[in-house]
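Please read all numbers here as calculations on a predicted model, not as lab measurements. The figures here come from the full heavy-atom set of this structure, side chains too, leaving out hydrogens, waters and symmetry mates. Quick note on labels: first sequence line is chain A, next is B, and so on, each numbered from 1.
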Amino acid sequence: MNIQTLLNQRIQAAMVAAGAPDGSPALVRQSAKVQFGDYQANGIMGVAKALKTNPRELAQVVIDKLDLSDVAEKVEIAGPGFINVFLKNVWLGKELAELRSSDHLDIDKVDSPEVVVVDYSSPNLAKEMHVGHLRSTVIGDAVVRTLEFLGHTVVRQNHVGDWGTQFGMLLAYMERLRAENSEISMALSDLETFYRAAKTCFDDDEAFAKRARELVVELQSGNEDCLALWDEFINISLTHCEETYKMLGVSLERQHVMPESAYNDDLVNVVNDLQEQGLLKESNGAQCVFMDEFANKDGEITPVIVQKTGGGFLYATTDLAAVRFRQHTLNADRVLYFVDARQSLHFQQIFTLSRKAGFVKPETRLEHMPFGTVMGSDGKPFKTRSGGVAKLSALLEEAQERAYQLVASKNPDMSEEELRNIGRVVGISSVKYADLSKNRTSDYVFNWDSMLSFEGNTAPYLLYAYSRIASIVKRSEIDVESLTGDIAIVEAQERALAMKLCQFEEAVQQVANDGMPHFLCAYLYDLAGTFMTFYEACPILNAEDSVKNSRLQLSLNTAATLKQGLALLGIETLERM
RNA sequence: GGGCCAGUAGCUCAGUUGGAUAGAGCACCCGCCUUCUAAGCGGGUGGUCGCGGGUUCGAAUCCUGCCUGGCCUACCA
């Protein structure tokens with residue numbers, strides 16, 4: 001149940017009945033303050049202006065046409081022409097009962113499911129995953145889970161970088177190790193070290209560099225030995241990724257990998273198609289598309305280069321081929337790209353060109369979901385203490401260790417095994433949540449202490465709130481499934497909690513629409529805080545039976561919502577911590 | 001040079017697309033454990049929303065001009 005949608009529809013209909021033009025938005029929002037009720041409609045003033053009438057008078061006419069008697073106990077006009085809606089406690093209680101009996105927290109599946117292709121994570125296989133991949137991977141996965149929860153068909157696309165000149169260098173190094181009879185799989189167990197070693201050879205050894213360049217050519221021309229070597233490398237690198245995904249609790253698997261190299265055979269077709277449509281122009285030996293949309297005031301256009309001087313293709317070409325594949329083979333209605341904000345211009349160009357060239361249907365939505373950079377405390381991109389790029393796996397190990405130390409100091413009597421598991425969940429979720437809870441588009445500062453803190457909008461706080469409820473339920477010794485009866489909203493804290501619980505769907509839909517998981521984080525933090533307030537003010541297990549029954553159900557609803565919400569974020573819950 | 005993004009409390013961040021008196025957490029101050037996990041809860045101090053104009057019933061949000069920072073800007077991805 002989405003209250004905002006319900007009120008929007010009802011009030012909008014009443015506005016039209018009151019003489020407002022069709023489609024006038026009611027602009028229903030959660031009220032800013034309690035004295036303004038639960039929801040407020042802000043749309044009257046704008047319409048009144050267009051109609052040149054008094055907004056308060058219009059609001060009165062709208063209210064006369066509006067029947068909310070089933071859900072609201074009071075509807076009033078306030079200020080310059082707001083309509084404030086005060087919902088009925090009885091109705092909230094009924095909604096919660098439905099929420100409890102639903103296996104989907106009473107969230108409606110979308111009427112018309114879409115095929116949503118989501119491009120996320122997409123590491124470069126030449127190196128190991130590092131902090132730079134955290135945001136795309138974690139945010140993309142949360143949005144993917146949310147879209148699926150709402151009933152959309154999601155196609156995950158891990159657009160990994162497995163092609164390009166740096167692979168010549170890596171293959172040359174593999175060759176050398178093999179010639180020296182060294183253990184290659186051993187050397188590849190740490191890709192970062194391997195890459196550095198290969199790079200050193202490439203920079204210092206002219207013969208090696210020459211061989212590396214040869215191997216690039218051989219690879220591109222399909223030499224079988226070379227391809228076998230490349231395959232071996234790619235396979236090991238992908239295995240590293242999968243280990244990281246598993247540690248992170250990310251839903252990406254081998255089947256979702258659609259590497260850059262998969263488009264190789266199609267690149268020439270892309271260029272030919274552009275040529276046939278007269279979109280191509282040679283410039284300085286390169287094949288380019290010049291689009292007016294990317295001209296500056298002097299008429300100079302930043303071109304899209306699709307083929308280099310000498311015939312090589314670029315990432316723009318690959319992305320165009322990918323757009324076509326996603327449209328025609330995957331049948332996408334919507335394509336989301338969780339890619340660094342620095343590539344904004346690139347994607348604008350790709351999207352604009354894709355439309356011009358007819359690579360996508362006009363109604364297909366292509367959306368770049370840019371994100372900011374993870375910063376260190378110095379305000380510069382996050383690095384390890386030694387100044388290198390932080391390997392993601394090492395970062396996650398550290399998170400688990402730090403969390404373990406914290407948890408162990410608080411629970412001296414717990415078994416080592418349980419402590420390790422709690423440390424794992426708390427550590428991983430802290431890193432993920434710290435990322436997810438920030439506005440996607442802005443940079444944020446990576447800070448161990450604040451993300452592992454039990455205070456504020458953090459994973460530990462939410463996990464703790466959940467485990468506290470789990471503890472109450474356990475103590476109650478009541479069969480959760482058979483627990484029924486009315487949910488009575490009496491105390492202010494009960495009401496606040498009930499209201500919050502009914503707003504889960506609004507947060508979920510926001511995440512799906514905007515690709516912004518931080519809305520859900522803010523909601524869950526709010527929910528947990530509202531529960532804590534309720535918990536302090538309203539005894540549960542010590543209350544008389546009917547009250548206890550009602551409050552237990554409120555608690556169970558909270559637990560279910562927290563668990564589901566965290567699951568959408570890709571975060572596990574703990575029954576005890 | 002041009003373009004994109006950002007600038008909100010001492011610090012870290014929100015702000016539902018133009019709504020009512022700008023919100024959280026940390027830090028600081030004051031309270032609350034013989035009762036369901038105090039890893040918690042309640043209260044308080046703290047703001048020229050980078051600066052100046054403009055648009056209107058109403059602006060952190062929109063338009064414009066500056067200031068500051070980051071990024072992108074033809075053959076890397």
By nearest nucleotide on RNA chain B, pick out whichever of M45(A) and S344(A) is the more 5' one. S344(A)

Rounded interatomic separation in angstrom, taking CZ from F82(A) and P from G18(B): 14 Å

Using a heavy-atom cut-off of under 4.0 Å over every strand shown, decide if A465(A) touches base, sugar-phosphate, or nothing. nothing

What integer number of Å spans the P atoms of G25(B) and G43(B)? 10 Å

When we call it a touch if two heavy atoms are under 4.0 Å apart, what does M532(A) touch: a base, just sugar-phosphate, or nothing? sugar-phosphate

Can F36(A) be classed as stacking with the base of A20(B), given a centroid separation cut-off of 5.5 Å and a plane angle cut-off of 30°? yes

Reading nucleotides 5-12 of chain B 5' to 3', which nucleotides get B (base under 4.0 Å from a protein heavy atom), which S (sugar-phosphate only), which -? -------S

Y444(A): what forms a ring-ring contact (aromatic ring centres under 6.0 Å, His included) with it, not counting sequence neighbours? none

Is the phosphate of U37(B), meaning OP1 or OP2, less than 4.0 Å from a side-chain N or O of Y466(A)? no

Stems formed with participation of RNA chain B [Watson-Crick or G-U wobble, under 3.5 Å, three or more pairs]: B:1-7 with B:67-73, B:10-13 with B:23-26, B:28-32 with B:40-44, B:50-54 with B:62-66

Give a yes-or-no answer on whether the side chains of N8(A) and Q4(A) include a donor-acceptor pair shorter than 3.5 Å. no

Base, sugar-phosphate, or nothing for S467(A), non-hydrogen atoms under 4.0 angstrom? base

Establish, yes or no, whether a centroid distance under 6.0 Å links the rings of F534(A) and F531(A). yes

Taking A74(B) as the reference, what is the distance to G3(B) when you measure between their C1' atoms (whole Å, please)? 16 Å

Classify every nucleotide of nucleotides 70-77 of chain B by which part a protein heavy atom approaches to under 4.0 Å, writing B for the base, S for the sugar-phosphate alone and - for neither, in 5'-to-3' order. -SSSBBSB

Salt bridge (Lys or Arg N to Asp or Glu O under 4.0 Å) against R196(A), all qualifying residues, sequence neighbours excluded: none

Could you work out, with salt bridge (Lys or Arg N to Asp or Glu O under 4.0 Å) as the rule, every residue matching D162(A), not counting sequence neighbours? none

Distance below 4.0 Å between T533(A) side-chain N/O and G42(B) OP1 or OP2: yes

Determine which pairs satisfy salt bridge (charged side-chain N to carboxylate O under 4.0 Å, His left out) with at least one residue from residues 77-86 of chain A, sequence neighbours left out, and list them in order. none

With salt bridge (charged side-chain N to carboxylate O under 4.0 Å, His left out) as the rule and sequence neighbours excluded, what pairs involving residues 499-527 of chain A come up? K500(A)-D526(A)

Base-contact (B) and sugar-phosphate-only (S) positions in nucleotides 59-69 of chain B, heavy-atom cut-off under 4.0 Å, - elsewhere: -----------

Rounded distance in Å between the C1' positions of U45(B) and C28(B): 8 Å

Going by heavy atoms closer than 4.0 Å, what residues in residues 537-550 of chain A are next to RNA chain B? C538(A), P539(A), I540(A), L541(A), N542(A)

Need the glycosidic conformation of C41(B): syn if within 90° of 0, anti if not. Which one? anti

At what distance, to the nearest 0.5 angstrom, does SG of C502(A) lie from CG of L87(A)? 8.5 Å

Just checking N84(A): base, sugar-phosphate only, or nothing, at a heavy-atom cut-off of under 4.0 Å? base

Checking K308(A) now: which residues fulfil side-chain contact (heavy atoms from CB on, under 4.5 Å) with it, not counting sequence neighbours? L314(A)

Would you indicate what N54(A) reaches in the nucleic acid, counting non-hydrogen atoms under 4.0 angstrom: base, sugar-phosphate, or nothing? nothing

Separation of atom CG in N439(A) from atom C1' in U16(B), rounded to whole Å: 12 Å

Base, sugar-phosphate, or nothing: which does Y461(A) touch, judged by heavy atoms less than 4.0 Å apart? sugar-phosphate

Which side-chain hydrogen bond (donor to acceptor under 3.5 Å, both in side chains) pairs, counting each pair once, include a residue from residues 399-411 of chain A, with sequence neighbours left out? E398(A)-R402(A), E401(A)-Q405(A), E401(A)-R420(A), Y404(A)-E416(A)

